[in-house]
Amino acid sequence: MGFRLWVFLGFIVQFTFITGEFFKPFNVSYDGRAMIIDGKRRMLISGGIHYPRATPEMWPDLIAKSKEGGVDVIETYVFWNGHEPVRGQYNFEGRYDIVKFVKQVGSSGLGFPVWLRDKPGIEFRTDNTPFKEEMQRFVKRIVDLMRENSLFSWQGGPIIMLQIENEYGNIESSFGPKGKDYMKWAANMAIGLGAGVPWVMCKQVDAPEYIIDTCNGYYCDGFKPNSNKKPTIWTENWDGWYTSWGDRVPHRPAEDLAFAVARFFQRGGSFQNYYMYFGGTNFGRTAGGPNYITSYDYDAPIDEYGLLNQPKWGHLKDLHAAIKLCEPALVAADSPQYIKLGPKQEAHVYSHNVNSNGQHSSIYGSKCSAFLANIDEQKSATVKFHNQVYILPPWSVSILPDCRSTAFNTAKIAAQTSIKRVGHDITSSLNDYVPLKLMVPDQVAYISKTWSFAMEPIGLWSDSNFTYQGILEHLKVTKDQSDYLWYTTRIYISDEDILFWGGNQVSPVLTIDSMRDLVYVFVNGQFTGSAKGKWIKVVQPVDLVQGYNDISLLSQTVGLQNYGAFLEKDGAGFRGQMKLTGFKNGDLNLTEFVWSYQVGLKGEFLKIYSIEENESTEWTELPRDAVATRFSWYKTHFDAPDGEDPVALDLTTMGKGQVWVNGHHIGRYWTLNAPKDGCQTCDYRGAYDSDKCVTNCGDPTQSWYHVPRSWLQASDNLLVIFEETEKKPFEISISSRYTETICAQVSENHYPPLDSWSQPNLSNGFIFLNNTVPEMHLQCDAGNIISSIKFASYGTPQGRCQKFSIGDCHASNSISVVTQACVGKQSCSLSVSNSKFGVDPCHGVVKTLSVEVRCSSSSSITYFKMK
């Protein structure tokens with residue numbers, strides 16, 4: 001996994017054990033079974049949230065939704081490149097206020113900075129003195145900051161665990177003996193900081209005895225640490241995957257994700273972290289990696305906008321509740337009893353009442369929990385366990401908190417499915433992941449009727465440019481202060497060359513041996529062509545005239561390389577030779593020419609996107625019939641959508657560029673379509689990989705761009721766009737994003753709600769089931785209510801969400817019962833039983849309740865006010 005390479009300090013922040021602004025100090029340790037919190041073993045569910053990928057105003061809601069979803073622990077990176085953009089100049093404000101974030105978690109990672117590359121003699125992540133000095137300086141700064149604010153558990157704070165380095169074991173051998181020396185140094189350095197909580201290293205099989213080695217991956221149920229004195233910890237459970245411009249969008253089914261988590265705890269795991277629980281947004285130029293899109297949604301349980309991703313969030317909430325019911329038995333036993341139930345079926349039983357032979361002397365008289373697994377990818381299985389019969393769907397785990405009654409099965413989803421609307425598009429979380437869209441062009445109102453524009457110069461634009469003989473590496477010049485770098489040189493074309501090309505019907509060609517990520521080619525100020533890719537060869541025909549010709553190349557980065565060995569040598573821009581071919585007397589080697597270099601754009605330098613500076617720019621009104629030109633700045637003012645729902649910009653009609661709202665850098669945009677093939681019906685069964693359940697085939701990889709509510713005012717918001725291609729902004733729209741449609745389907749043979757079980761902490765660890773009737777739960781987003789019932793049938797309904805139909809068996813009062821229970825409320829519950837509907841519509845048949853409702857809010861009707 002490439003992204004976490006740039007993280008070498010991840011705070012694991014615990015927040016559920018004690019509420020309030022400050023904790024009573026407690027110690028954290030571990031044994032071979034689990035983390036020990038304040039003297040007690042714990043089974044812990046963790047969720048990853050990266051604080052800079054949300055605004056501080058979003059943090060409390062994200063933390064609250066995580067806690068509601070059954071998460072005990074929040075994991076986050078510490079972003080070196082964000083906290084120290086210039087050496088010695090620290091940033092702990094706004095989205096980078098890590099102290100505020102940790103304190104908020106308590107009360108209810110790392111990108112290498114580009115300046116590091118310029119330190120003489122430096123080599124990243126190996127036994128290299130310059131690198132180790134800088135790394136230790138920054139890690140110490142962060143640990144000291146946490147200690148100064150009393151944020152470690154032994155100080156009464158919420159931090160219970162730290163991580164040093166990330167997946168270094170994947171590349172350690174690339175550095176030879178110096179790799180192992182560096183790993184040992186990093187471990188010793190971390191321990192020497194005196195943080196007073198355990199340290200971990202992920203995917204580091206040779207981690208020292210005082211560091212816990214952990215697992216990252218889609219599945220970690222077969223992982224064991226390198227010592228039986230260490231607990232089994234899963235630091236990255238990949239619940240989605242990264243998305244690149246021009247690619248399909250990955251999704252991981254909720255059933256498979258739940259299966260992976262249940263199998264982990266079934267086979268001895270004790271601490272599991274979702275990467276990510278909330279992904280967020282790569283605001284500004286902080287892409288999660290090379291060519292990664294601005295959205296960092298990651299198909300996480302909480303989506304990019306802070307809304308629940310259903311059914312994934314709800315299904316995992318039920319899973320977490322079931323695991324918590326098992327916690328007394330899980331922590332009581334050092335290891336489970338294994339029982340083979342069939343060729344691909346097995347049980348693991350946890351109980352504190354174990355005799356000397358490892359057998360459970362009394363099942364029902366002890367704290368006992370069991371996990372029954374069917375790892376067959378195709379067939380259900382009927383198994384017998386402790387003289388009872390259980391039906392296990394394929395690729396699933398059933399959890400029995402009392403070793404008798406099933407509380408949860410990973411393949412049976414009772415949670416609702418949410419269909420979100422943003423503008424005229426509908427996004428779905430359906431299991432088959434067929435993209436659903438509702439296009440209503442006559443209802444789409446664009447963000448503004450009036451726009452102004454300003455032209456960005458082609459090539460050199462200031463006295464800050466400089467000349468150099470040869471081709472300089474992109475990042476050595478820009479220091480990552482901008483995506484953009486102009487390379488400009490001048491060549492002379494003789495009459496002889498013009499005659500040669502005409503007489504032989506050939507044309508000159510610009511060739512570049514290797515380029516990344518994007519280059520625009522201009523000759524004499526005119527656009528000639530472009531190329532995109534990672535270290536690809538560029539072959540671009542050019543039109544040259546007799547006399548002097550100016551060749552300008554605009555090199556661009558679209559995120560930086562962040563995984564693998566020798567990162568400091570990867571660079572950007574151009575490599576190898578750059579030539580003009582096709583001349584009578586041979587090629588021109590432009591690599592040896594004198595080039596002028598200009599960092600960034602004039603508009604960037606002048607900050608014309610800011611509220612303070614944009615008025616000093618000479619803007620011109622943009623006529624609707626104007627001919628679009630490349631490299632244009634556009635601006636307008638707009639009113640925010642009504643309500644409190646999250647907001648997004650639709651930039652589908654634009655090409656490529658960057659966007660700012662009220663001076664806040666929303667990020668890069670790029671309208672690149674994914675390949676048309678590869679999107680198929682998603683089957684949760686069988687091992688997952690990032691190509692298995694993808695969407696967006698043939699559509700833009702990203703169309704909508706998150707604008708945080710806290711960055712908006714009610715009216716007169718400034719929108720500034722830099723557009724690199726020949727596109728005009730008149731069809732840009734802005735809209736609220738909210739859950740419009742909710743569906744659920746629960747049968748009589750589903751399991752009772754998890755809150756029907758007595759809680760272990762209220763019954764001395766012994767648990768029992770109070771109610772055996774399944775229930776359906778429906779809930780709209782905060783501030784929204786269930787406004788209408790679009791479908792309801794208790795009986796044998798057919799189909800799936802948005803395509804339900806009445807079957808042969810149907811209770812005629814289904815809609816009236818659901819209407820009475822739900823309409824006008826934010827949430828409602830319905831028991832799935834004959835007594836609820838006052839009738840048995842088909843005796844002897846297992847009945848199902850299928851419901852589809854509509855949620856409405858004050859902001860769901862009007863997209864926004866027109867200017």
Side-chain angles (χ1 to χ4, degrees), residues 1-8 77 79-82 84-85 87 109-128 130-132 134-135 138 165-176 178-179 182 203 242-247 282 284-293 468 470-485 487 512-519 531-538 553-578 591 597 599-600 668:
M1 178 179 174
F3 179 76
R4 271 192 77 178
L5 204 201
W6 43 276
V7 178
F8 50 66
Y77 293 170
F79 292 78
W80 190 358
N81 59 339
E84 193 180 13
R87 190 182 189 280
L110 166 77
F112 292 130
V114 169
W115 57 259
L116 198 61
R117 294 160 41 93
D118 298 330
K119 193 172 178 68
I122 199 165
E123 293 181 64
F124 289 7
R125 306 179 78 203
T126 187
D127 190 18
N128 172 265
F131 179 77
K132 292 191 298 182
E134 294 294 341
M135 174 177 168
F138 181 75
E165 257 299 344
N166 188 74
E167 295 188 353
Y168 188 70
N170 288 352
I171 64 169
E172 181 180 303
S173 61
S174 301
F175 299 100
K178 294 177 69 176
Y182 165 74
K203 302 187 82 168
Y242 308 109
T243 304
S244 298
W245 299 109
D247 279 357
N282 292 315
R285 299 171 45 252
T286 59
N291 206 42
Y292 290 172
I293 66 173
Y468 180 84
I471 303 296
L472 292 173
E473 190 266 320
H474 181 114
L475 292 174
K476 286 189 178 295
V477 180
T478 66
K479 313 299 183 186
D480 198 34
Q481 297 304 300
S482 171
D483 283 356
Y484 305 97
L485 176 61
Y487 295 71
I512 304 172
D513 283 351
S514 189
M515 181 281 306
R516 67 158 295 196
D517 296 322
L518 179 67
V519 62
K532 61 181 176 67
K534 181 179 180 181
W535 299 126
I536 62 168
K537 185 178 180 65
V538 177
L553 308 177
L554 182 60
S555 170
Q556 273 193 58
T557 53
V558 188
L560 302 182
Q561 184 66 27
N562 58 16
Y563 193 84
F566 312 111
L567 284 179
E568 73 281 359
K569 299 177 182 178
D570 185 73
F574 309 118
R575 286 178 178 172
Q577 298 292 302
M578 186 183 298
T591 314
Y597 292 84
V599 176
R668 304 179 181 97

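Note: hydrogens, waters and symmetry copies are ignored here, and every other heavy atom, side chains too, is used.
Side-chain N or O atoms of Tyr182 include none that pairs as donor or acceptor with a backbone N or O of Lys132 at under 3.5 Å. In terms of modelled atom types and a separation under 3.5 Å, the side chain of Asp483 and the main chain of Gln556 share no donor-acceptor contact. Looking only at distances, no side-chain donor or acceptor of Asp480 sits under 3.5 Å from a matching main-chain atom of Leu475. Of the possible polar contacts, one joining the Thr591 side chain to the Met578 backbone as a donor-acceptor pair under 3.5 Å is found. Asn128 contributes a side-chain N or O that, together with a main-chain N or O of Glu123, makes up a donor-acceptor pair within less than 3.5 Å.
Taking the side-chain hydrogen bond (donor to acceptor under 3.5 Å, both in side chains) definition, one finds that Glu473 meets it with Arg117, sequence neighbours left out. By the side-chain hydrogen bond (donor to acceptor under 3.5 Å, both in side chains) test, Asp118 is found to be paired with Lys479, residues two or more places apart in sequence or in another chain being considered. The side chain to side chain contact (heavy atoms under 4.5 Å, CB included) test applied to Lys534 returns Gln561, not counting sequence neighbours. Listed by chain and residue number, nothing satisfies the side-chain hydrogen bond (donor to acceptor under 3.5 Å, both in side chains) test with Arg575 (two or more places apart in sequence, or in another chain). The salt bridge (charged side-chain N to carboxylate O under 4.0 Å, His left out) search around Lys119 returns Glu134, not counting sequence neighbours. For Asp247, the salt bridge (charged side-chain N to carboxylate O under 4.0 Å, His left out) test picks out no residue, with sequence neighbours left out.
Closest approach of Gly600 and Ser482 over heavy atoms only: CA-OG, 3.4 Å. Of all heavy-atom pairs between Gly559 and Arg668, the closest is N-NH2, 3.5 Å. Residues Val538 and Ala531 come closest through the heavy atom pair CG2-CB, 4.0 Å. In this structure, Trp535 and Gly573 approach most closely via the heavy-atom pair CZ3-O, 3.7 Å.
Here the CD1 atom belonging to Ile536 is positioned 9.5 Å from the CD1 atom belonging to Ile512, to the nearest 0.5 angstrom. Note: Leu560 CG to Thr286 OG1 = 11.0 Å, rounded to the nearest 0.5 Å. Here the OG1-CD1 distance, from Thr243 to Ile293, works out to 4.5 Å after rounding to the nearest 0.5 Å.
Side-chain contact check for Val558 versus Lys532: every heavy-atom pair is 4.5 Å or farther apart. Counting heavy atoms from C-beta on, the side chains of Val519 and Phe574 come closer than 4.5 Å. Contact of the His474 side chain with the Tyr487 side chain is registered, since non-hydrogen atoms from C-beta on lie closer than 4.5 Å. No side-chain heavy atom of Thr126 sits less than 4.5 Å from a side-chain heavy atom of Phe131.
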After noting the C-alpha distance and the side-chain angles of Asp513 and Lys537, does the key distance pass the side-chain contact (heavy atoms from CB on, under 4.5 Å) rule?
-> CA-CA 5 Å; Asp513 283 351; Lys537 185 178 180 65; 3.8 Å; yes
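By the 30° and 60° cut-offs, the orientation of the rings of Tyr468 relative to Tyr597 is perpendicular.
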